[in-house]
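To keep things clear, I will list the structure first and then write my remarks on it.
In the text below, chain A, chain B and the rest are named by the order of the sequence lines, each starting its count at 1. FYI, side chains are in, hydrogens and waters are out, and symmetry mates aren't considered; it's all heavy atoms of this structure.
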2 protein chains.
Amino acid sequence: MANQKKVQQNTILDIAEALKLSPATISRALNDHPHVKEKTKNDVLKMAAQLGYRRNNMASGLRSNKTHTIGLIVPRISMFFHAEVITTIQNGLQKYGYNLIICQSNDSLDMEKELTEILLSSRVDGLIAACTLGTTDFSHFDKFLQNGTPVVFYDRVPLNEQKATIIKGDDFRGGYIATSHLIETGCKKIAHISGPLTSNLYQDRSAGFVKAMEQHKLSVNENWVFHQELTHANAREAMRKMFDGDVVPNGLFTDNDTSAIAALEFAREKGIDVPGELKIIGYSNDPRTSIITPAITTVEQFPDEVGKKIVEALINSLKNNTNITDERTVPITIPVQLIRRMTT
Amino acid sequence: MANQKKVQQNTILDIAEALKLSPATISRALNDHPHVKEKTKNDVLKMAAQLGYRRNNMASGLRSNKTHTIGLIVPRISMFFHAEVITTIQNGLQKYGYNLIICQSNDSLDMEKELTEILLSSRVDGLIAACTLGTTDFSHFDKFLQNGTPVVFYDRVPLNEQKATIIKGDDFRGGYIATSHLIETGCKKIAHISGPLTSNLYQDRSAGFVKAMEQHKLSVNENWVFHQELTHANAREAMRKMFDGDVVPNGLFTDNDTSAIAALEFAREKGIDVPGELKIIGYSNDPRTSIITPAITTVEQFPDEVGKKIVEALINSLKNNTNITDERTVPITIPVQLIRRMTT
DNA sequence: TTGTAGGCGTTATCAC
DNA sequence: GTGATAACGCCTACAA
């Protein structure tokens, strides 16, 4: 009984028998093989429909060594940016006949490792990953590369990966234009609530921040620079620390929108006028930023573009099997754009 | 070359050879079969790790007729409610060793049908589905039930399905408490922006609305009741129509938060005081409702609870293979709760 | 254009 | 406690 749970499904043998043909012909007909008579093809298709036949992907995959399945690992699907990217990826891959196994690491490195093992067992044809913020060692992805499975990293990516495709937003420029915008609107005392420097995202945005400051001959106040998990609570705490002091910032760049929202709420409660006394700019163009009062200026990352590039790169790798091609080593960068609203 | 894309992976035969054991023993050891010596088990595990062995799920599934994979069909993962439910489901199933193939129908019935075909081919061990708003004929799910694959519907569910598990929010009560709340806070002229009546969701919420109105001897103004796709634009249009008239409502119940937000924005633009002249209540407790000014009163659906119940029900069906059990026919209802904020 | 036969990697059923 | 063997459903040389 253990393995009898599922009722037996029809197989190509059933179709073969019904049509007095050989299983091979059925297989060929179903796969639209050129050397099959039109009529035979039609007969097979009709009979397949009639019997409710569905190809067994396991058997097919075992034999052909292809699963038509792509693995995807993200921190959390409920993060706006990722949700949008995933939707685009899924719709894109579907057109090419690929399925997507979506896995969430919950931003846990252990979970991420476990998921790679699972996807390895599933023999996915390709892998897409946005790593956890704490992933600095990417060796758990090596197996895929080693056995020729293309890997596309996006958003949170390895720094020195030579064999995988890397797709990232222009975080340096994002940090730079956000900070420059604050400066241009009159801020001289600028704070930066950033994420942990273990991730390329925040390294680059921080570098952009520093660059803009330097270019305008503004000094960075280290007490106003935070590297922390970008939660609502942490942002509030950072705000509290800064506004406890005698000298307070008049510009704030946060590396995500949740922090910007928290900061805005804090300002509201403390009677700090935004944008009068404090200008705020966030990152990601989360739907909440346009809805809050005042609407928050932020940096658009074009998740749709990111998703499209991922699909394009992956399909390309899958087709050409160019797993050791040079072009792959050059990261693909998606532009960002300042969305100016009411907080600056 | 066609099927040589992936490098050959190690198999149990490789382990067997390295250890001078038979493949059968390796298989048993890896599956923690009772009749294997501890030492042998350890040796096998060690060698498997050393060789970087990963079980081939296709081969295993083909033989054992189990995929340890659950299919999930939702309209869109980026909808807040679904994103939360999915996260809970995935984390829950993971504990039981099940993977999840997440598919998006984009609220298209054709896509939904296609996805069932794909998941049929994948021979998923179970299926979870939140249907499109237009799904009134659920026969494309019959195949799963027929071959003994448990199916759990949630949110948007079939009305007369006898063999599948049904998990839904208490939409009738949600509509009822929302409307009652408006009445209790002084509204007598109440409008209802609802979704299409093809879905149980909006049938039930509408019934709750009507029931509350009747109970308080209030008449329903049919010009103020809309059944439409619950988009931002449609809600604005509905508002425009209502507020073009001489008599305007002073209470509004919308079946989702996007519509509530659109209505609030409309009111703001037209100088209609909320909650003074118009009270608004939404549905779902989308994060945006608590962030907008004024924060919107809404109905909490407890996606986390929904997710937990789904996992529980599914695991239960999977274990007991109770595919024709009576208890399954009784829908499981998750309570809802009024979240009172500033718009009422 | 169609048929035959072998094998993909694993597990289950026998034996021993 | 372990080994030999067949079978899961499909695909693809090779043969006809």
Let me spell it out: for each of A:N31 and B:K37, pick the nucleotide of DNA chain D with the closest heavy atom. Which residue's pick is nearer the 5' end? B:K37

Under a 4.0 Å N-O cut-off, is there an ion pair linking A:K309 with A:D304? no

Should A:D43 and A:K20 count as an ion pair when the cut-off is N to O under 4.0 Å? no

Could you check how far CG of A:N56 sits from P of C:dG9, rounded to whole Å? 16 Å

Which nucleotide in the set D:dC10, C:dT13, C:dG3 lies at the smallest distance from any side-chain heavy atom of A:Y53? D:dC10

I need the CG-P distance between B:N65 and D:dG9, as an integer number of Å. 7 Å

What nucleotide, of D:dT5, D:dT2, C:dT10, holds the atom closest to the side chain of B:A24? D:dT5

Salt bridge check: are B:K41 and B:D32 linked by an N-O gap of less than 4.0 Å? yes

May I have the distance from B:D32 (atom CG) to C:dT11 (atom P), rounded to whole angstrom? 13 Å

Let's see if you can work this out: which of D:dT2, C:dT11, C:dA5 has an atom nearest to the side-chain heavy atoms of B:I12? C:dT11

Do B:R54 and C:dG9 share a donor-acceptor pair, side chain to base, under 3.5 Å? no

Checking C:dT10, C:dT4, D:dT2 against the side chain of B:L13 (C-beta onward), the nearest is C:dT10

To the nearest Å, how far apart are B:L62 CG and C:dT11 C1'? 10 Å

Do you know which of B:L21, B:L30, B:V44 makes side chain to side chain contact (heavy atoms under 4.5 Å, CB included) with B:I12? B:L30

Using a cut-off of less than 4.0 Å, is there contact between a side-chain N or O of A:S27 and OP1 or OP2 of D:dC11? yes

Measure CG/A:N57 against P/C:dG9 and give the value in whole Å, please. 18 Å

Looking at A:R63 and D:dC11, is any side-chain donor or acceptor paired with a base atom of the opposite kind under 3.5 Å? yes

Taking the side chain of B:R55 as heavy atoms from C-beta outward, which of C:dT11, C:dA12, D:dG9 is closest to it? C:dT11

Ignoring hydrogens and geometry beyond distance, is a side-chain donor-acceptor pair present between B:N147 and A:R54 at under 3.5 Å? no

A:S22 vs C:dT4: side-chain N/O to OP1/OP2 distance below 4.0 Å: no

In this structure, how many angstroms lie between the P atom of D:dC14 and the NE2 atom of A:H35, rounded? 14 Å

Whole-Å distance separating the CG atom of A:L19 from the P atom of C:dT1: 17 Å

Within the structure, does a side-chain N or O atom of B:S64 lie under 4.0 Å from either OP1 or OP2 of C:dT11? no

What is the separation between atom CG on A:L30 and atom C1' on C:dT2, rounded to the nearest whole Å? 15 Å

